[in-house]
Amino acid sequence: MAKAKIAVNGYGTIGKRVADAVQAQDDMEIVGVSKTRPNYEAAVAHQLGYDIYTLSDRIEAFEKAGIPAAGTLEEMIEKVDLVVDCTPGGIGEKNKEMYEKAGVKAIWQGGEEHELTGFSFNAVSNYEGALGLDFVRVVSCNTTGLCRVIYPIDKKYGVKKARVTLVRRAADPNDAKTGPINAIVPNPIKLPSHHGPDVKTVIPHINITTAAMKIPTTLMHLHTVNLELEKECSAEDIRELFKTQSRIRLIGQGISSTAEIIEVARDLKRPRSDMWENCVWEESITIHDGELYFFQAIHQESDVVPENVDAIRAMLELESDAEKSIAKTNRALGL
Ligand code: NAD
C-alpha cells in the first residue's frame with residue numbers, strides 16, 4: 001500500500017520531532033517541511049534530506065543561504081494528504097483557510113484553541129473519535145500528560161475530582177531569550193489555570209482544577225496529581241494499572257529529579273534525549289485519606305510526538321483500532 005503523504009508546517013521544537021517520527025513509520029512519509037527563515041534548523045533539515053518549502057517571498061533568501069527551497073508552502077500542501085501544523089501557538093489558526101482551500105486534512109498543536117478544530121486528541125482517551133476527521137488538535141504536553149493518567153484511572157475507578165499543581169519548565173533548552181532565570185512565576189496568576197479546562201476538551205466529564213507556575217528549568221514539567229476516586233482502590237492497584245499503559249513509565253531506582261530522567265533518555269540513546277512517556281515516580285503513588293496522590297514528570301518537547309502520529313493514522317483511517325495504532329507508533333519509535 002502507498003504510504004500516506006505528510007507535510008510538517010513549522011520545523012521547530014515539535015515539528016522536527018514529528019517529522020522524524022512520521023519518517024520512522026511504514027505507513028506514512030514526509031514529503032516536505034516548511035521553514036520561514038534559512039537558519040541553522042533549516043540547514044540541518046536539508047542535511048537530513050528533508051525537502052524544505054517556504055513562503056513565496058523567502059525562496060531567494062534560502063537560495064542565498066545555500067539551502068535550496070523545493071518550493072512554496074502552498075506547493076507543499078498541494079502534494080500531501082495531511083499537514084501537521086507545528087507553527088507557534090496562535091499562528092497556526094491563520095493557516096486554516098489555506099488548508100481548506102487546498103482540501104487537505106490538518107493537525108494543529110496545543111498552542112491553538114480547541115474551537116479551531118472542535119476535536120482535541122489524545123490517543124488513549126479518544127482515538128476513535130478522530131477517525132476520518134479533517135481537522136484535529138493534538139493537545140499540549142501538559143494536557144497530554146494529564147489525559148494519559150486520568151483516562152485509565154477514570155475508566156477503572158471513576159474520578160470524582162482531580163486537583164493538579166503543574167510546575168512548568170520556563171523555556172525549551174534551545175530558547176536563549178526566555179526567562180525567568182531567578183524567580184518562581186505563578187502562571188497564570190488567575191486561578192484555576194487553563195490546564196483543567198483543556199483536559200475537559202478531551203475528557204469532558206472530568207471535574208478538575210489546576211494551578212500552574214513557571215520555574216527556571218528547561219528539562220521537563222512536574223505535576224502533583226491528587227484524585228478523589230469513586231471506587232476504593234490501593235496504591236498497588238494504581239501501579240498495576242499504570243503498568244498496562246505503554247506511555248506511562250514507572251520510575252524509581254534512585255531517580256530523584258527531572259535531571260536524572262533526561263539522563264535515562266540519553267543512556268537509552270533516545271533521539272534528542274526524548275522521553276515520550278509520562279514518568280510517574282512509583283514510590284509517590286499513595287492513597288491517603290481515601291484519595292490518590294502521585295508525582296509525574298512530562299518531557300514537554302516530545303510527549304505529544306507519538307500522539308501526532310496516532311492522530312494522523314486515525315484521521316486518514318490507516319488503522320481503526322487505538323491500541324493497534326499506539327503499539328505500531330511505539331514500535332517504530334523504539335518506545
Ligand atoms: P517553535 O517556535 O520551536 O517552532 C515553530 C516553528 O514554526 C519554527 O520553526 C518557526 O520558524 C516556524 N514559524 C514561525 N512562524 C511561522 C509562520 N508564520 N509560518 C510557518 N512557520 C512559522 O515552536 P514549538 O515549541 O515547536 O511549538 C509549536 C506548537 O506546538 C505550538 O502550538 C505549541 O504550543 C505546541 N507545543 C509546544 C511544546 C513545547 O514544549 N515546545 C509542547 C507541546 C506543544
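The basis for the numbers below is simple: all heavy atoms, side chains too, and nothing from hydrogens, waters or symmetry mates. Remember, it's 1-based here, ligands and their atoms both numbered in the order they're listed. Just so it is clear, the model here is predicted, and its values are computed rather than measured.
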*Going through the checks in order, is the ring pair (Phe, Tyr, Trp, His ring centres under 6.0 Å) test met by Phe294 and Phe242?*
CA-CA 12 Å; Phe294 59 88; Phe242 282 169; 5.3 Å; yes
Identify all pairs of nitrogen or oxygen atoms, one from ligand 1 and one from the protein, separated by less than 3.5 Å, and list them with distances.
residue, atom, partner, partner atom, Å
ligand 1, 3 (O), Thr13, N, 3.0
ligand 1, 3 (O), Thr13, OG1, 3.0
ligand 1, 9 (O), Tyr11, O, 3.2
ligand 1, 9 (O), Gly12, N, 3.4
ligand 1, 9 (O), Lys35, NZ, 2.8
ligand 1, 11 (O), Lys35, NZ, 3.4
ligand 1, 11 (O), Thr36, OG1, 3.4
ligand 1, 26 (O), Thr13, N, 3.3
ligand 1, 26 (O), Ile14, N, 2.9
ligand 1, 32 (O), Gly111, N, 3.1
ligand 1, 34 (O), Gly111, N, 3.2
ligand 1, 40 (O), Arg169, NH2, 2.9
ligand 1, 40 (O), Gln300, O, 3.4
ligand 1, 41 (N), Asp172, OD2, 2.6

Inspect the contact between [Y] and [X] and indicate whether a charged nitrogen and a carboxylate oxygen are less than 4.0 angstrom apart.
X      : Y      : value
Asp303 : Arg247 : no
Asp27  : Arg313 : yes
Arg17  : Asp274 : yes
Arg270 : Glu277 : yes

*asked:* Counting neighbours of NZ on Lys161 that are heavy atoms of other residues, nucleotides or ligands and sit closer than 6.0 Å, is the number greater than 12?
replied: yes
